[in-house]
Amino acid sequence: MTNVCVAGAGTIGSLLAAHLGRVADVSVLVRRDEHADALLRDGLRVSGRADFTARVAAAVDPADLPDPELVIVACKGNDLASVAARLEGEFAGAMVMTIQNGLGAEEVVAAHGDWPLLSAVTFMIGTRHGDAHVEYILDTATWIGPYRGTTVDDARRVAGLINTSGLKAEAFEDLRPAQWSKLIFNATVNGVAALTGLPHDEHFAGEPLGALVHGLMDEGKAAAAGAGVELWEDPWEMNLLATQRGFKHSPSMLEDVRGERPTEVELINGALVRAAAGADVPVPLHDAVYALVKGKEASYS
Amino acid sequence: MRVCVVGCGAVGSLFAANLAQLEDVEVWAYDAYREHVDAINEHGLRLSGAGDVLGRLHATAEAGELPACDFGIVATKAMHTDAAIAATAHAFADGCVATVQNGLGNEETLARHVERVIRGTTFPAGKLLAPGHVQWDVKGDTTLGPYDERTPLSEVERLADACTRGGMPAHAVPDARGPQWRKVIFNASTNPIGALTGLTHGRVCERPDLRALVSGLVNEGKAVAAAQGIELDADPEQLIDHAAQKHVAYDHKASMLQDVEARRQTEIDVLNGGIVRFGREHDVPTPLNGAIWALLKGVEQSWQQ
């Protein structure tokens, strides 16, 4: 696997593109001409846990990029439908991997082409400092599993490539248990952070907020059980671990609310609430958080 | 008759200035804000807006200067109740102390320091414009009732009569919990939703998902009230829908939203926090009020970052 296209170069896309650029030919599909120009001119710089600049190809039109063997769709959830539409009819023969938060990214991409699909969730944390500079902050892993027309061996090959590039990845036979663990974690932590203004810190495990976080996790676990998913990790334990680590991460939903931008509430909280309804599991606390975050978005949109 | 208003902010000033109109009532005001106290002593306490009133009264920031009073009217923000009554309790050794504050639990706090407590709920509102000068925004009724059997109804009637004669209509009732819980449920079910989302009352109510959350909060509050045998004097749901109309309070920004925008401690502890506490005491689950309470506490904690 020597030719990779990363579609969408926010924080996660930039981290992947730059690192993979050290072990493969990487092209980046972006939305703005200036972004493509900056990448072509300056390369893509990584600081923080690593320090290097990778040469990458870049364009706003997929037809201007070389045919890849692997496409990683790394845009934010809100841009997914438009990115997938731009990929339609392109890159026949490539394998496509989604890496968005929440649930349902695979279906969105699947509707635009018959590429073999992989699912991924990532726990990497970084900060984007510009079109051509990303800081690598937390070296947590990316998890990959087969979705459509792929096997765990495909997931292993991609995970292997990512590991060689200096990031961390792991392949799973079935990604859903991990995806749901992260879904419950994100719906809870991102929602509570966006509503309170708190980064993910010790308040999420203390009183009185910890009791609400625990209640939200319990509802999420009941919804997962109702949907027939056995969780990979207990999201409450993930919360404890993250708060004990002492790294006060500002979840993207909090950053979005601070910047008065649309959040990923539909893909994350909306997905959880709809999946729970489909499984006939009541989730009144998640209903409340979902409605409140949407209300907050409405106050500035 | 001698009355001391404890906490002479906007609402306290409405009581103090109006009661000072009566020849048979001597009014004192205790407040920590010295410029306000000095202005009142020098120029009197002025109300303007819904009514124009100038009250002559004795104001002090030194609790030790207070004489023995027949009545206290406590109007501090709820988080200051304990300190305010601890400092002034000596003046009410033979009197009764009424709370006209928002929320639940103020009576209990007063009863830890004084013998005879009056439960009160008041609707008039205003804001402090300058030291010694308060804008009277809305007129409204006050309901007063004995907190427990130690407070004679006749004393409650005496205070209500004075308030009414002074220009602040008040009713004395044997059980004042109905209006109190109606107001608390209304406020607890709407104010924090505005504070968390940034939406006005009308915009909260026109979003079906948020309106459903409001109803969920109301229903928990009603269940806690019912478990204590409290009959609400009006249905909070109807009051909420009424207020959401364009010509009523559609554009109203909840006071809690104003508090959050100014990063001032909110009254969440005596609203949703109070419903949760009374619910626990009466075995009534209140998960949504608990969630809203925790979220607002989180908002307050975020200011310490």
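Per chain, numbering begins at 1; letters A, B, ... match sequence-line order.
The ring pair (Phe, Tyr, Trp, His ring centres under 6.0 Å) test applied to B:Phe278 returns B:Trp181, not counting sequence neighbours. Looking at residues two or more places apart in sequence or on another chain, you find no ring pair (Phe, Tyr, Trp, His ring centres under 6.0 Å) involving A:Phe247. In this structure, the side-chain hydrogen bond (donor to acceptor under 3.5 Å, both in side chains) partners of B:Gln245, at least two apart in sequence or on a different chain, are B:His242.
Of all heavy-atom pairs between A:Leu195 and B:Leu196, the closest is O-CD2, 3.8 Å. Annotation for B:Ala294 and A:Pro208: closest pair CB-O, 3.8 Å, computed over non-hydrogen atoms. When every heavy atom of A:Ala288 is checked against every heavy atom of B:Leu213, the shortest pair comes out as CB-CD1, 3.7 Å.
In this structure, the side chains of A:Leu198 and B:Val299 stay at 4.5 Å or more apart for every pair of heavy atoms.
Heavy-atom pairs under 4.5 Å with chain A peak, among B:Leu296, B:Leu199, B:Ile193, at B:Leu199.
Counting non-hydrogen atoms of neighbouring residues, nucleotides and ligands closer than 6.0 angstrom, the CD atom of B:Glu231 reaches no more than 12 such neighbours.
B:Ile292 touches chain A through its side chain: at least one heavy atom from C-beta onward sits under 4.5 Å away, while N, CA, C and O do not. Looking at A:Ala298, the atoms closer than 4.5 Å to chain B (heavy atoms on both sides) sit in the backbone and in the side chain alike.
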Between chain B and chain A, identify every pair of one donor and one acceptor N or O atom lying under 3.5 Å apart.
{"residue": "B:Leu196", "atom": "O", "partner": "A:Lys296", "partner atom": "NZ", "Å": "3.0"}
{"residue": "B:Thr197", "atom": "O", "partner": "A:Ser299", "partner atom": "OG", "Å": "3.0"}
{"residue": "B:Arg203", "atom": "NH2", "partner": "A:Ala298", "partner atom": "O", "Å": "3.0"}
{"residue": "B:Asp209", "atom": "OD2", "partner": "A:Lys294", "partner atom": "NZ", "Å": "3.4"}
{"residue": "B:Ser302", "atom": "OG", "partner": "A:Thr196", "partner atom": "O", "Å": "3.2"}
{"residue": "B:Gln305", "atom": "NE2", "partner": "A:Asp201", "partner atom": "OD2", "Å": "3.1"}

